[in-house]
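Chain naming here is simple, since letters A, B, ... match the order of the sequence lines and numbering starts at 1 in each.
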Protein chains: 2
Amino acid sequence: MNPGLRSGELAEAAGVNLQTLRYYERRGLLAEPRRSPGGHRLYPAEALTLLRVIKTAQRLGFTLDEVAELVDLGTHRHGRRADTSLQRRAATKLTEIETKIADLQAIASSLRAALDAGCDDLATCATSACCPIPLAALDRGEPTR
Amino acid sequence: MNPGLRSGELAEAAGVNLQTLRYYERRGLLAEPRRSPGGHRLYPAEALTLLRVIKTAQRLGFTLDEVAELVDLGTHRHGRRADTSLQRRAATKLTEIETKIADLQAIASSLRAALDAGCDDLATCATSACCPIPLAALDRGEPTR
DNA sequence: GGTAAGCCTGTACCCGGGTACCGGATGCAA
DNA sequence: TTGCATCCGGTACCCGGGTACAGGCTTACC
């Protein structure tokens, strides 16, 4: 069995700071890896995949806590015939994600409209209260937070 | 012409803190509104729409600077036959958004798979390096940041 | 066995995005 | 014109997500 990645190697491969690995470990996102006799961390190869997943999810606007939850949902053995609480958390997360997708699509199409109208069409309404309007499509009026 | 919203009313309507309005003003996200003779802010009704747009975009993982940019792209008069720099920024933003959508869709479908497999199917691989794999679909290996 | 690169723990700091609090001025209604 | 809610500017603080640094131990290679 090969010795595994050292922390520096993993950090480099994942494009994150070495300190970040330890930070994630403290946060419980990254399991404590085994150690060399002298106490140096030795990570399994999958840790790299996990890190990339974390980074991607983060780019999408998930907090680290949420990422931890997502990772749990995917990772955890969820006992056979899982306790439905996990299922429910996954379902919830899924609808959250679907909402985000819909919102992004609304933004994207406004931008697209703005682009291929070349702004001249939009300029017709530019005089006053018009221009936020394409974006306003995604206004749901939730008193966010 | 009606007097406009007072800061408290606007904050309440938008579900944000009063301080946040001033913060956004400092950041340049919210234009300085006109003032009452005594110096109290009086916002036009569109400010509410704008705030909702800001909040939505934020939920999607845009930073305030990015939101400012998006809002500019939509709001600004971008002179007729706009300087292409704006067009280009919009195009860039659009591909960013499309990327986010694709990533979210990847996450969503893994979650969906996990859900309707009821985790039992996934459990077959659960022994070791398997479970992050559905999420790993969206691993692009970008050395993010 | 010497030595440079790498890693260890711990603590302190940074940035983004707000939020709270202060003492004082304003708005508005009775 | 008095009284209370609201708002003002300014400054200080909080939280999430890292990042840096110090002082000391390990590893790896000659």
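- For the OP1/OP2 pair of D:dT27 and a distance below 4.0 Å, the side-chain nitrogens and oxygens of A:Ser36 include at least one atom meeting the criterion.
- We find that CD of A:Glu9 is positioned 10 Å from P of D:dA28, with the value rounded to whole Å.
- The cationic group of B:Lys93 does not satisfy the cation-pi geometry with B:Phe62, failing either the under 6.0 Å distance to the six-membered ring centre or the 45° limit from the ring axis.
- The existence of a salt bridge linking B:Arg112 and A:Glu98 is confirmed by a sub-4.0 Å separation between a basic side-chain nitrogen and an acidic carboxylate oxygen.
- Between the C1' atom of D:dC25 and the CZ atom of A:Arg41 lies a distance of 14 Å, rounded to the nearest Å.
- If you take CG of A:Asp65 and P of D:dG18, they are 12 Å apart, rounded to a whole angstrom.
- Comparing C:dG10, D:dT27, C:dG17 by their closest approach to the side chain of B:Thr63 singles out C:dG17.
- Residue A:Leu64 places its side chain closer to D:dG17 than to any other of D:dG17, C:dG18, C:dA20.
- Note that CG of B:Leu29 and CG of B:Leu21 are 11.5 Å apart. Values are rounded to the nearest 0.5 Å.
- Each of B:Gly38 and A:Ser7 has a nearest nucleotide on DNA chain C; the 5'-most of these lies closest to A:Ser7.
- Which of C:dT19, C:dC7, D:dG18 sits closest to the side chain of A:His40 comes down to C:dC7.
- The side chain of B:Tyr23 lies closest to C:dT19, out of D:dT27, D:dC21, C:dT19.
- Distances shorter than 4.0 Å separate none of the side-chain N or O atoms of A:Lys55 from OP1 or OP2 on D:dG17.
- Heavy-atom minimum distance, A:Leu18 versus A:Gly8: CD1-N, 4.1 Å.
- Along DNA chain D, the nucleotide nearest to A:Gln19 and the one nearest to B:Gly8 differ in position, and the one closer to the 5' end is contacted by B:Gly8.
- If you check every strand for non-hydrogen atoms under 4.0 Å, B:Arg22 touches a base.
- Rounded to a whole Å, the CG atom of B:Leu5 is 15 Å from the C1' atom of D:dC7.
- Protein atom CG of B:Leu29 is 13 Å distant from nucleotide atom C1' of C:dG16, rounded to whole Å.
- One can place CZ of B:Arg26 at 11 Å from P of D:dT11, the figure rounded to the nearest angstrom.
- Counting to the nearest Å, the P atom of D:dT6 and the CZ atom of B:Arg6 are 8 Å from each other.
- In this structure, A:Leu10 places its CG atom 14 Å from C1' of C:dC7, rounding to the nearest Å.
- Using a 4.0 Å heavy-atom distance criterion, B:Arg27 is classed as a sugar-phosphate-only contact.
- Listed pair A:Gln58 / D:dG16 fails the phosphate criterion, with no side-chain N or O lying under 4.0 Å from OP1 or OP2.
- Cluster membership for B:Leu48 and B:Leu30, using ILVMFWY side-chain heavy atoms within less than 4.5 angstrom, is shared.
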